[in-house]
Asker: 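Take this structure, written in structure tokens, and hold onto it; I'll ask about it next.
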Amino acid sequence: MAKTDSTGSTWRYRWAHRQNERRQRTFREADEAWRRRDEELRRLRALAESFQGTADAGDGLPMELAPGEVVFWTMPGAQLVEARHSPVLPAPELTVDPDRSGVRPRRPDGLKVTDAGLAVLTNRRLVLLGGRARRDWAYGRMTGLAHDPAAPVTLIQVLDRRRTSGLLLPTGAVADFRFKLTLAFADAIEQRAAVIAELDELIAEHEQMQPFRPAIVTPAQARLSEVVPGGRRTVAVGVAIALVVPAMLFESDPPVRPGSEVAAAATPASATPAPRPVAPIVQVETTTGPKPRRTTPPSGTATPSATATQSTRSASPQPTGERRCGAPANPYGYDYCGGFRIRQPAEGICDYFECAPNFWSGRGYLVQCQDGMVSLTGGQAEPCAGHDGVRRTVWT
């Protein structure tokens, strides 16, 4: 038995120390990321309840507020952008997405900057007080609203304007602006409770994803393969080589010494003949003889071979490595277990899931309805309408 001092000088103790450090480091990183998102969701939840504007905030602004209109938010340095080609934007929705890590400070192709100034958000409209003119987007006349997921751009379509326009904001103000615009629009249609309910759902789902502290590894759990450089992979490769090389040598022909043919020809005929080589048994299927005619069993009676085949198939183990939690097998990794919401599903999803009618017209995230169909209406005011409501969320 190897002796060790208090510093743990044997390889087993060093292995356990490295494993514990690696596990704790991974846990701390995951726990820190989880806590940051948890704090952000709870901050947005508190803001959604206390979000109130004041009419005094409009003092000094070069615009006149309508009766009952209050100012929620202002941002200097906003730029007015217009689309060269007016695409059809999705209808405004009440979806909350606090993760804006993919936004980069760039202007997408097809947009041109036409003005710049102060952006003002009220409970009735979004206004840009530019150097050339003023641009208003009233919530009651909005027909389309789209936030670029990779750029700090928000495009808006309204009834009384043919060209699509919007705002290009500083990257640091994008998340705050988009969330407050969602709240302001929800207030205008009296649906702030739907935003709060969605935040409660996000918080509850995030709590279930809290990482667990890993178990402590002991020196007794170390394996001898850890001593070899490369660990188990090196041992596995060595074992494979040890098995393959002898098999290749066994199947190869033995070497022929020079002159062996001459020696065999010079052997007298009276000598004892060498034993005849035994040819390997090869099963040859005869094609000249008549084949037995297959008889059709009566209906309802299974042949012994078919019964054996069916029992073999039913007894064969099914793969259990893929985690689906009841979801159908699919190449996209969609399941009911947990993870991230799916707002842009793959084009072939309806080949594996049973999609609801008008599936691609949905503007939310992917959910399964009570009747088993999947719908892209998660987070909307009436998700799974006509399908008995939402059963659960589809994750990736």
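It should be emphasised that the depicted structure is a prediction, and the values quoted were computed from it without experimental measurement. Quick note: residue numbers are just sequence positions, from 1.
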Asker: Determine whether a donor-acceptor pair (N or O, by modelled atom type, separation under 3.5 Å) exists between the side chain of Gln210 and the backbone of Trp34.
Answerer: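 It does not hold such a pair.
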Asker: Do the side chains of Arg36 and Glu32 get close enough for a salt bridge, i.e. N-O under 4.0 angstrom?
Answerer: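 Counted as a salt bridge, because a side-chain N and a carboxylate O are separated by less than 4.0 Å.
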Asker: With sequence neighbours left out, what residues match Ala346 under side chain to side chain contact (heavy atoms under 4.5 Å, CB included)?
Answerer: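 Scan of Ala346 (side chain to side chain contact (heavy atoms under 4.5 Å, CB included), adjacent residues dropped) gives Tyr332, Tyr334.
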Asker: With heavy-atom distances below 4.5 Å as the criterion, would you say the side chains of Leu199 and Phe179 are in contact?
Answerer: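 Touching, per the 4.5 Å side-chain cut-off.
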Asker: Using the rule given for side-chain contact (heavy atoms from CB on, under 4.5 Å), can you reason through Cys369 versus Asp388, listing the C-alpha separation, both sets of side-chain angles and the distance that settles it, and then say yes or no?
Answerer: CA-CA 7 Å; Cys369 304; Asp388 302 329; over 6 Å; no
Asker: Enumerate, atom names and distances included, each donor-acceptor pair closer than 3.5 Å involving a side-chain atom of residues 356-363, sequence neighbours excluded.
Answerer:
unit_1, atom_1, unit_2, atom_2, d
Ser361, OG, Asn358, O, 2.6

Asker: Could Glu205 and Arg341 be called an ion pair, given the rule that one side-chain N must be under 4.0 Å from one carboxylate O?
Answerer: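 Salt bridge between Glu205 and Arg341, a charged N being under 4.0 Å from a carboxylate O: yes.
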Asker: Hey, is the main chain of Ala222 close enough, under 3.5 Å, to the side chain of Trp11 for a donor-acceptor pair?
Answerer: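 Side chain of Trp11 to backbone of Ala222: no pair is present.
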Asker: In Å, rounded to the nearest 0.5 Å, how long is the span from CD of Gln344 to CD1 of Ile342?
Answerer: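 Going from the CD atom of Gln344 to the CD1 atom of Ile342 covers 11.5 Å.
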Asker: Give the minimum heavy-atom separation between Arg178 and Thr154, together with the two atoms involved.
Answerer: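 Reported closest heavy-atom pair: NE-OG1, 3.7 Å.
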Asker: Say whether, by atom type as modelled, one donor and one acceptor occur between the side chain of Asn330 and the main chain of Gly333 under 3.5 angstrom.
Answerer: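 Side chain of Asn330 to backbone of Gly333, a donor-acceptor pair under 3.5 Å: yes, one is there.
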Asker: Cation-pi between Arg392 and Tyr336: NZ/CZ under 6.0 Å from ring centre and within 45° of the ring axis?
Answerer: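 Pair Arg392/Tyr336 counts as cation-pi.
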Asker: Is the shortest heavy-atom distance from the side chain of Leu94 to the side chain of Ile189 under 4.5 Å?
Answerer: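 The answer is yes; the side chains approach within 4.5 Å.
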Asker: Please report the shortest heavy-atom distance between Glu198 and Gly379, naming the atom on each side.
Answerer: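 So the two residues come closest at OE1-O, 4.2 Å.
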Asker: Below 3.5 Å, can you tabulate the donor-acceptor pairs from side chains in residues 161-168 to any protein atom, sequence neighbours excluded?
Answerer:
unit_1, atom_1, unit_2, atom_2, d
Arg161, NH2, Asp136, O, 3.0
Arg163, NH1, Glu82, OE1, 3.4
Thr164, OG1, Gln157, NE2, 2.9
Ser165, OG, Arg135, NH1, 3.2
Ser165, OG, Trp137, NE1, 3.2

Asker: Could you work out the complete set of other residues in the hydrophobic cluster of Val71, with links drawn between I, L, V, M, F, W and Y side chains under 4.5 Å apart?
Answerer: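 Under the 4.5 Å side-chain rule, Val71 groups with Leu61, Met63, Leu65, Leu118, Val120, Val127, Leu129.
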Asker: Taking it one step at a time, do Thr393 and Glu201 satisfy side-chain contact (heavy atoms from CB on, under 4.5 Å)?
Answerer: CA-CA 11 Å; Thr393 304; Glu201 182 183 354; 4.0 Å; yes
Asker: Spell out, as yes or no, whether a donor-acceptor pair under 3.5 Å connects the side chain of Gln370 to the backbone of Val390.
Answerer: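 A pair under 3.5 Å: yes.
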Asker: What's the spacing between Asp187 CG and Thr182 OG1 if we round to 0.5 Å?
Answerer: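 Asp187 atom CG to Thr182 atom OG1 measures 11.5 Å (nearest 0.5 Å).
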Asker: Do Phe51 and Arg192 make a side-chain contact, defined as non-hydrogen atoms from C-beta onward lying under 4.5 Å apart?
Answerer: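 Answer yes - side chains close enough.
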Asker: Any donor and acceptor pair, going by atom type alone, linking the side chain of Arg107 with main-chain N or O of Leu111 inside 3.5 Å?
Answerer: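 Yes.
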Asker: Check whether Met142 and Leu121 end up in the same hydrophobic cluster, where Ile, Leu, Val, Met, Phe, Trp and Tyr are linked by side-chain heavy atoms less than 4.5 Å apart.
Answerer: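 Yes, it is one cluster - the side chains of Met142 and Leu121 are joined through contacts under 4.5 Å.
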Asker: At what distance, to the nearest 0.5 angstrom, does CG of Asp38 lie from CG of Leu202?
Answerer: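 If we round to the nearest 0.5 Å, Asp38:CG and Leu202:CG are 11.5 Å apart.
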Asker: Looking at CD1 of Ile156 and CG of Leu145, how far apart are the two atoms once the value is rounded to the nearest 0.5 Å?
Answerer: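 Interatomic distance, Ile156 CD1 to Leu145 CG, rounded to 0.5 Å: 6.0 Å.
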Asker: Just do the side-chain hydrogen bond (donor to acceptor under 3.5 Å, both in side chains) check on Asp371 and His387 with the steps written out, would you?
Answerer: CA-CA 6 Å; Asp371 58 359; His387 300 278; 2.7 Å; yes
Asker: With a 4.5 Å cut-off on side-chain heavy-atom distances among I, L, V, M, F, W and Y, is there a chain of contacts connecting Phe27 to Ile216?
Answerer: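 Not linked; separate clusters.
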Asker: Could you tell me if the side chain of Leu89 sits less than 4.5 Å from the side chain of Leu155, heavy atoms only?
Answerer: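 Heavy-atom side-chain distance check passes, below 4.5 Å.
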Asker: Can you name the nearest heavy-atom pair linking Arg343 to Tyr365, along with the distance?
Answerer: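 Answer, listing the atom of Arg343 first, then Tyr365: NH1-CD2, 3.5 Å.
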Asker: Where do Val103 and Pro149 come nearest, in terms of heavy atoms and distance?
Answerer: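 Smallest heavy-atom distance, with atoms named: CG2-O, 3.7 Å.
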Asker: Drop me the distance from Gln380's CD to Glu93's CD, to the nearest 0.5 angstrom.
Answerer: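 Here the rounded value is 5.0 Å.
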Asker: Is it the case that atom CD in Glu21 sees more than 12 heavy atoms from other parts of the structure closer than 6.0 Å?
Answerer: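 Yes - once you tally the heavy atoms of other residues, nucleotides and ligands closer than 6.0 Å, there are more than 12.
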Asker: Using the rule that two of Ile, Leu, Val, Met, Phe, Trp, Tyr join whenever any of their side-chain heavy atoms come within less than 4.5 Å, decide whether Met75 and Tyr139 are in one cluster.
Answerer: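 Met75 clusters together with Tyr139.
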Asker: Is there a side-chain contact between Arg125 and Glu69 in this structure, where contact means two heavy atoms from C-beta onward sitting under 4.5 Å apart?
Answerer: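 In contact.
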Asker: First locate atom CD of Gln52, then atom CG of Leu183, and finally report the distance between them rounded to the nearest 0.5 Å.
Answerer: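 The CD atom of Gln52 sits 10.0 Å away from the CG atom of Leu183.
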Asker: Measuring only between side-chain heavy atoms, which start at C-beta, is Thr143 closer than 4.5 Å to Val158?
Answerer: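 Side-chain contact under 4.5 Å: no.
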Asker: May I ask you to decide if Tyr13's main-chain N or O and Arg18's side chain share a donor-acceptor pair within less than 3.5 Å?
Answerer: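 Checking the backbone N and O of Tyr13 against the side chain of Arg18, no donor-acceptor pair under 3.5 Å is found.
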Asker: Are Trp395 and Leu366 grouped together when hydrophobic residues (ILVMFWY) are joined by side-chain heavy atoms under 4.5 angstrom apart?
Answerer: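 As far as the 4.5 Å side-chain criterion goes, Leu366 and Trp395 are not connected within one cluster.
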Asker: So which heavy atom on Asp115 is nearest to which on Gly130, and how close?
Answerer: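 Closest heavy-atom pair between Asp115 and Gly130: OD2-CA, 3.6 Å.
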Asker: If I compare all heavy atoms of His206 with all of Leu41, which pair ends up nearest, and what's the gap?
Answerer: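 Heavy-atom minimum between the residues: CB-CD1, 4.0 Å.
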Asker: Does any part of the side chain of Lys180, heavy atoms only, come nearer than 4.5 Å to the side chain of Trp73, both counted from C-beta?
Answerer: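 Yes; the side chains approach each other to less than 4.5 Å.
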Asker: Find out whether Lys112 and Val81 are in side-chain contact, i.e. whether some heavy atom of one side chain is under 4.5 Å from a heavy atom of the other.
Answerer: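 Lys112 vs Val81: side chains apart.
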Asker: If the condition is side chain to side chain contact (heavy atoms under 4.5 Å, CB included), which residues does Arg25 pass it with, not counting sequence neighbours?
Answerer: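 Once residues adjacent in sequence are excluded, the partners of Arg25 under the side chain to side chain contact (heavy atoms under 4.5 Å, CB included) criterion are Arg22, Arg28, Glu29.
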Asker: Take Trp15 and Val217, measure what side-chain contact (heavy atoms from CB on, under 4.5 Å) needs, and give me the verdict at the end.
Answerer: CA-CA 9 Å; Trp15 175 84; Val217 177; 3.3 Å; yes
Asker: Tell me every residue that passes side-chain hydrogen bond (donor to acceptor under 3.5 Å, both in side chains) with Asn20, counting only those two or more places apart in sequence or in another chain.
Answerer: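 So Asn20 forms no side-chain hydrogen bond (donor to acceptor under 3.5 Å, both in side chains) with any residue.
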Asker: Val153, Val113: one ILVMFWY side-chain cluster at the under-4.5 Å cut-off?
Answerer: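 Yes, same cluster.
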Asker: Specify whether His147 and Phe177 have parallel, tilted or perpendicular ring planes, treating 30° as the upper limit for parallel and 60° as the lower limit for perpendicular.
Answerer: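 Perpendicular, since the angle between the ring planes exceeds 60°.
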Asker: If only atom types and distance count, is the side chain of Asp200 paired as donor or acceptor with the main-chain N or O of Arg45 below 3.5 Å?
Answerer: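 No.
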